[in-house]
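Notes follow once the structure below has been shown.
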Amino acid sequence: MTLFEELKWRGLIESVTNVEIIEKLNNDKLTFYIGTDPTADSLHIGHFSSLLVAKRLEQHGHHPIILVGGATGLIGDPRPTKERTMITKEELEKNYNGLCVQIKKLFGFEMVNNYDWSKDINFIDYLRDYGKFFNISYMLNKETVKSRLDGGITYTEFSYMIMQSLDFLHLFESRNCTLQIGGQDQWGNITSGMELIRKKTGHEVYGFTMPLITKADGTKFGKSEGGAIWLDKNKTSPYEMFQFLINSEDSKVIDYLKKLTFLSKEEIDELDNDLNNHPELRKSHKALAKEVITFIHGQDAYYEALKISEALFNGNIKQLNEQELLDCFNGVPTFIINEPLNIVDLLVNNDICSSKREAKEFINNGAILINDDKIILEDMVVSEDMAIEKKIVVVRKGKKKYYLGIFN
RNA sequence: GGAGAGGUAGCGAAGUGGCUAAACGCGGCAGACUGUAAAUCUGUUCCUUCGGGUUCGAUGGUUCGAAUCCAUCUCUCUCCA
């Protein structure tokens, strides 16, 4: 398979700006860039697949530049629904640093910050040197802007496209960067950058977009109960990530394997086969969890997540001793119990349930288990007597959520 | 600057003086069934010491009683100049 064929097979190409790009990807050594704005202090699983694409290109001899948008992050890329709330400069700086550390560690890519070349452009020059290249009707026709015309869009966000175009121009001129890749929502920004480069320099550059990874129902992939699946293990523990991946829908797991791992076509085809013949073994799901977590958090973290999951879901919690439990549950939310406590209070005080009403509802539904025993009475008191080695209680809420209580 | 329409729970959307803690749909959560999958079915979805308390953009007012009426403010959209 050529590089392009592989990307296509993995479902990583949404659209390309011109067909010559296929040839260039397969045979040339391009410098390309992909940008992300520091809207949070960690990458999430969605970024992960995009950056893996950059990695895939790099492995074929292309040179990736990751642009972390210290300038564009201050402006805000228009979302289709509504205006963003601006983040403070302090927040942005914190986010910026967080992303850089992660990208460096996980991928080792070269990084640039568009603040460096955007900060000194003054307003008059901006309008004269760049504004003249953007026709309003062209900008209004871009999908993201169009979708906002009814609900309202400020001049600030409207200008975002221009800023990103300047980035592409800058990287083209200073680094001979001739390709920009991004999520499908970046199409408008990428093409307007190409347009600017064509008008200003007469050169042709390229772009392609990658599809948004979705769940079976078409909604965005990468959200769990606790919100997004982050790559920072303090925000999403390897165990949580394991749970997220292992719970992938059957109909999507092969798609995720293609997009989130480096497994070969042969390996994935075989897993697909297993999935069809023995879905209950969930080999594909396990492979997905293993590949992704090992890449992001390393092998040790993966095995630990696996160990916790097996202990929890095979239902032999009581056979573990104190130390084994503590080892296993490193990564599960933990709380301290100072004295025997009513079950409802315990659930509410430790944020397992958001209110007493909810706690009672869970109990009445049979959704609360302590050390694998179903709790049926609202007025039950949790004491040392029921703790494993008089020390530890494992609280389960619903089928999949676990909490660890330790008697002091 | 002028005229009009609007802001109801996570979202969409009813409700225009008491029967409304607020219909309905989506989403979320839980239970059953399963394979920690999907689909389906069922329950649930402001807080509570179960007396009640606090909610419908904000503040003040009218009323025995307000999401609903009045005033001011604020935000969004549409049109005009």
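Only this structure's heavy atoms are used, side chains among them; waters, hydrogens and symmetry mates stay out. Computed from a predicted model, the values in this text were never measured in an experiment. Numbers restart at 1 for each chain; the letters A, B, ... are given by sequence-line order, proteins then strands.
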### Query
In whole Å, what is the span from the CG atom of A:L245 to the P atom of B:G35?
22 Å
### Query
Taking the chi torsion of B:G51, is it syn (within 90° of 0) or anti (everything else)?
syn
### Message
Give me the distance, rounded to whole Å, that separates B:A71 from B:U63 when you measure between the C1' atoms they each carry.
### Response
16 Å
### Query
Which salt bridge (charged side-chain N to carboxylate O under 4.0 Å, His left out) pairs, counting each pair once, include a residue from residues 36-63 of chain A, with sequence neighbours left out?
A:D41-A:K94, A:D41-A:K235, A:K55-A:E58
### Task
Please state how far atom CG in A:L281 lies from atom P in B:U34, giving the value in whole angstrom units.
17 Å
### Task
Provide the Watson-Crick or G-U wobble partner of B:U62, both distances under 3.5 Å; none if there is no partner.
none
### B:C46 to B:G61 separation - C1' atoms, rounded to the nearest Å
27 Å
### Residue matched to B:G1 through Watson-Crick or wobble contacts both under 3.5 angstrom
B:C80
#### Entry: Rounded distance in Å between the P positions of B:A23 and B:A9
12 Å
### Query
If you measure from the C1' atom in B:A21 to the same atom in B:G52, how many Å do you get, rounded?
13 Å
### Query
Should A:R282 and A:I246 be marked as a side-chain contact (heavy atoms from CB on, under 4.5 Å) after you check the CA-CA gap, both sets of side-chain angles, and the distance that decides it?
CA-CA 8 Å; A:R282 294 187 302 152; A:I246 210 82; 4.2 Å; yes
### Query
Should A:E249 and A:K215 count as an ion pair when the cut-off is N to O under 4.0 Å?
no
### Message
Across nucleotides 39-48 of chain B, 5' to 3', mark each nucleotide with B, S or - according to how protein heavy atoms within less than 4.0 Å reach it.
### Response
----BSS-SS
### Query
Mapping A:K374 and A:K400 onto RNA chain B by nearest heavy atom, which one lands closer to the 5' end?
A:K374
### Task
For A:K252, enumerate each residue passing the salt bridge (charged side-chain N to carboxylate O under 4.0 Å, His left out) test, keeping only those at least two apart in sequence or located in another chain.
A:D255
### Task
Sorted by first residue and then second, give each ring-ring contact (aromatic ring centres under 6.0 Å, His included) pair with at least one member in residues 387-408 of chain A; sequence neighbours left out.
A:F313-A:Y402
### Task
For B:A67 and B:U20, measure between their P atoms and round to the nearest Å.
13 Å
### Task
Would you indicate, yes or no, if B:G31 has its OP1 or OP2 atom less than 4.0 angstrom from a side-chain nitrogen or oxygen of A:K397?
no
### Message
We want to know whether A:Q180 and A:N189 form a side-chain donor-acceptor pair, criterion being a heavy-atom distance below 3.5 angstrom.
### Response
no
### Message
If you take any heavy atom closer than 4.0 Å to RNA chain B, which residues from residues 283-306 of chain A end up in contact?
### Response
A:H285
### Task
Name all residues meeting the salt bridge (charged side-chain N to carboxylate O under 4.0 Å, His left out) criterion together with A:K89; count only those two or more places apart in sequence or in a different chain, and write none if there are none.
none
#### Entry: Rounded interatomic separation in angstrom, taking CG from A:D379 and P from B:C50
14 Å
### Message
Please name the nucleotide paired to B:G27 by Watson-Crick or G-U wobble geometry with both distances under 3.5 Å, or report none.
### Response
B:U45
### Task
Mind checking side chain to side chain donor-acceptor pair (under 3.5 Å) for A:D125 and listing every partner two or more places apart, or none if nothing turns up?
A:N122
### Separation between the C1' atoms of B:C11 and B:U62, rounded to whole Å
35 Å
### Message
I'd like the P distance from B:U34 over to B:C24, given in whole Å.
### Response
32 Å
#### Entry: Paired nucleotide for B:G6 [Watson-Crick or G-U wobble; both distances under 3.5 Å]
B:C75
### Whole-Å distance separating the CD atom of A:E378 from the P atom of B:U49
11 Å
### Query
What pairs with A:T261 under side chain to side chain donor-acceptor pair (under 3.5 Å), at least two apart in sequence or on another chain?
none
### Query
Base, sugar-phosphate, or nothing: which does A:S309 touch, judged by heavy atoms less than 4.0 Å apart?
base
### Query
Got a sec, which pairs hit ring-ring contact (aromatic ring centres under 6.0 Å, His included) with one end in residues 5-25 of chain A, sequence neighbours left out?
none
### Query
Taking only N and O in the side chain of A:K401, is any of them less than 4.0 Å away from OP1 or OP2 of B:A30?
yes
### Message
Rounded to whole Å, please give me the gap between CG in A:N277 and P in B:G35.
### Response
17 Å
### Query
Does B:C33 have a Watson-Crick or wobble mate here (both distances under 3.5 Å), and if so which one?
none
### Query
How would you list, by chain and number, every residue that makes a salt bridge (charged side-chain N to carboxylate O under 4.0 Å, His left out) with A:D345, sequence neighbours excluded?
A:K356
### Task
Pick the P atom in B:U68 and in B:G18, then give their distance to the nearest Å.
12 Å
### Query
Do A:V16 and A:I22 come within less than 4.5 Å of each other through their side chains, counting heavy atoms only?
no
### Message
So if I take residues 256-269 of chain A and measure heavy-atom distances to RNA chain B, which residues fall below 4.0 Å?
### Response
none
### Comparing A:K215 and A:L275 on RNA chain B - which has the more 5′ nearest nucleotide
A:K215
### Query
How long is the line joining CG of A:N276 and P of B:A37, in whole Å?
19 Å
### Task
Looking at every strand, decide which applies to A:A216 at a 4.0 Å heavy-atom threshold: base, sugar-phosphate, or nothing.
nothing
### Query
Separation of A:D345 atom CG from B:U49 atom C1', in whole Å?
11 Å
### Query
Charged N to carboxylate O below 4.0 Å: is that the case for A:E384 and A:K391?
no
### Query
Taking only residues at least two apart or on different chains, which pairs with a member in residues 96-132 of chain A satisfy ring-ring contact (aromatic ring centres under 6.0 Å, His included)?
A:F107-A:F109, A:F107-A:F295, A:W117-A:H170
### Length of the NZ-C1' vector between A:K252 and B:U36, whole Å
20 Å
